[in-house]
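The basis for the numbers below is simple: all heavy atoms, side chains too, and nothing from hydrogens, waters or symmetry mates.
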Amino acid sequence: MNIGVLLSGCGVGDGSQIEEVILTYLALDKYGVDYICFAQDKSQYHTFNHLNEKVEESENRNILKESARIGRGRIKTLDDISIDELDGLVLPGGVGVFKNLSNYILEKENFVVDKDVDKLIKDMYLSKKPIAAMCGATVLIAKSLGNETKQLELCTSNNAHRKILEMNNVIVKEVNSREAYVDIQNRIVTTPAFLGTQNLYEIKIGIDRMVREFIELIG
């Protein structure tokens, strides 16, 4: 079994949410599942200074190089990944999903998912390979698959992103961060993570449940 983990950089303000990524690795290791991380080899939307919470106008960073910081020495470019080598796909959250994997940060409800990321999500779905997503990454799933299937069910917490999910034909399930929701028909598992709480232990429980249910879908 080999799982793909799609990263969008490093750091909640302009890339992947680091804690969500590490807790995903932890759960995959716990259940004895191999995984490969990958990211796009292109410039990220902008560079966010996580110390002063301001944009660094003079810096231009690369999504792949930033993702490699948390890639554990086994990262590839998205272009080098074939879905034939993957049994499932996991999408951690972080603002990078809105800035680098889509243009949501600019267009809001009129956003589009990056074409290569959109193709990856659709190809995995059409190949009946399970997908897991957490936090804001559920919005990408909604946009890519909302018109591909009937009754797409994704979760949120505290009604976060509910409007945009429903605009993309999603049946929204309200759960807490200790829980994961399984859309059995569409083979998609989601958990709210930081949408529901800042308590890392609760998020750990939810991501662990998401990964466990995800693995069961693979069989």
Side-chain angles (χ1 to χ4, degrees), residues 1-12 15-39 66-76 78 81 83 85-97 101 117 120-121 124-125 127-142 153-158 160-161 173-184 186-219:
M1 190 181 296
N2 194 33
I3 304 304
V5 180
L6 178 62
L7 303 179
S8 61
C10 180
V12 63
S16 293
Q17 168 65 264
I18 296 171
E19 294 92 336
E20 292 176 2
V21 174
I22 301 306
L23 290 174
T24 296
Y25 295 160
L26 177 64
L28 290 168
D29 282 344
K30 174 182 176 181
Y31 295 108
V33 178
D34 290 330
Y35 59 91
I36 182 70
C37 311
F38 50 93
E66 290 300 294
S67 297
R69 295 175 183 271
I70 49 174
R72 301 193 72 194
R74 57 175 94 176
I75 195 164
K76 292 185 176 182
L78 177 54
I81 292 291
I83 66 163
E85 63 186 292
L86 301 178
D87 297 300
L89 174 68
V90 179
L91 284 79
V95 182
V97 302
L101 304 187
V117 175
L120 172 68
I121 294 170
M124 292 295 292
Y125 173 75
S127 297
K128 300 188 183 303
K129 296 184 177 183
I131 298 170
M134 65 200 79
C135 204
T138 57
V139 173
L140 299 189
I141 303 300
E153 299 177 343
L154 303 174
C155 79
T156 190
S157 194
N158 298 314
H161 307 303
K173 301 295 182 177
E174 182 78 14
V175 303
N176 66 53
S177 291
R178 290 173 174 257
E179 299 173 306
Y181 185 81
V182 186
D183 181 344
I184 297 175
N186 293 303
R187 301 173 66 78
I188 296 171
V189 189
T190 50
T191 189
F194 280 97
L195 296 181
T197 183
Q198 294 295 307
N199 186 302
L200 202 58
Y201 182 72
E202 293 184 15
I203 292 168
K204 172 184 175 292
I205 293 171
I207 291 177
D208 185 277
R209 288 181 174 174
M210 180 195 74
V211 169
R212 186 178 70 232
E213 298 284 0
F214 170 72
I215 292 169
E216 289 182 4
L217 288 175
I218 296 173

Say you draw a straight line from [atom1] of [X] to [atom2] of [Y]; how long is it, rounded to the nearest 0.5 Å?
X      : Y      : atom1 : atom2 : answer
Leu195 : Cys155 : CG    : SG    : 8.0 Å
Ile188 : Ile184 : CD1   : CD1   : 12.5 Å
Thr197 : Glu202 : OG1   : CD    : 4.5 Å
Ile218 : Leu86  : CD1   : CG    : 10.0 Å
Cys10  : Ile70  : SG    : CD1   : 4.5 Å

Any side-chain heavy atom of [X] sitting closer than 4.5 Å to one from [Y]?
X      : Y      : value
Val211 : Ile3   : no
Thr191 : Glu179 : no
Phe38  : Leu120 : yes

Answer yes or no: is there a donor N or O on one side and an acceptor on the other, between the side chain of Ser157 and the main chain of Val175, under 3.5 Å? yes
Does a side chain donor of either Thr190 or Thr138 reach within less than 3.5 Å of an acceptor in the other side chain?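 Per modelled atom types, Thr190 and Thr138 side chains form no pair under 3.5 Å.
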Stepwise side chain to side chain contact (heavy atoms under 4.5 Å, CB included) test for Val139 and Val97: CA-CA 9 Å; Val139 173; Val97 302; over 6 Å; no
Let's go through Arg72 and Tyr35 carefully: what are the C-alpha distance in whole Å and the side-chain angles of both, what is the deciding distance for side-chain hydrogen bond (donor to acceptor under 3.5 Å, both in side chains) to 0.1 Å, and is it a yes or a no? CA-CA 11 Å; Arg72 301 193 72 194; Tyr35 59 91; 2.4 Å; yes
Side chain to side chain contact (heavy atoms under 4.5 Å, CB included) assessment of Leu6 paired with Leu101: CA-CA 10 Å; Leu6 178 62; Leu101 304 187; 4.1 Å; yes
Ser177 versus Pro192, closest heavy-atom pair with distance: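 Residues Ser177 and Pro192, closest heavy atoms: OG-CB, 4.1 Å.
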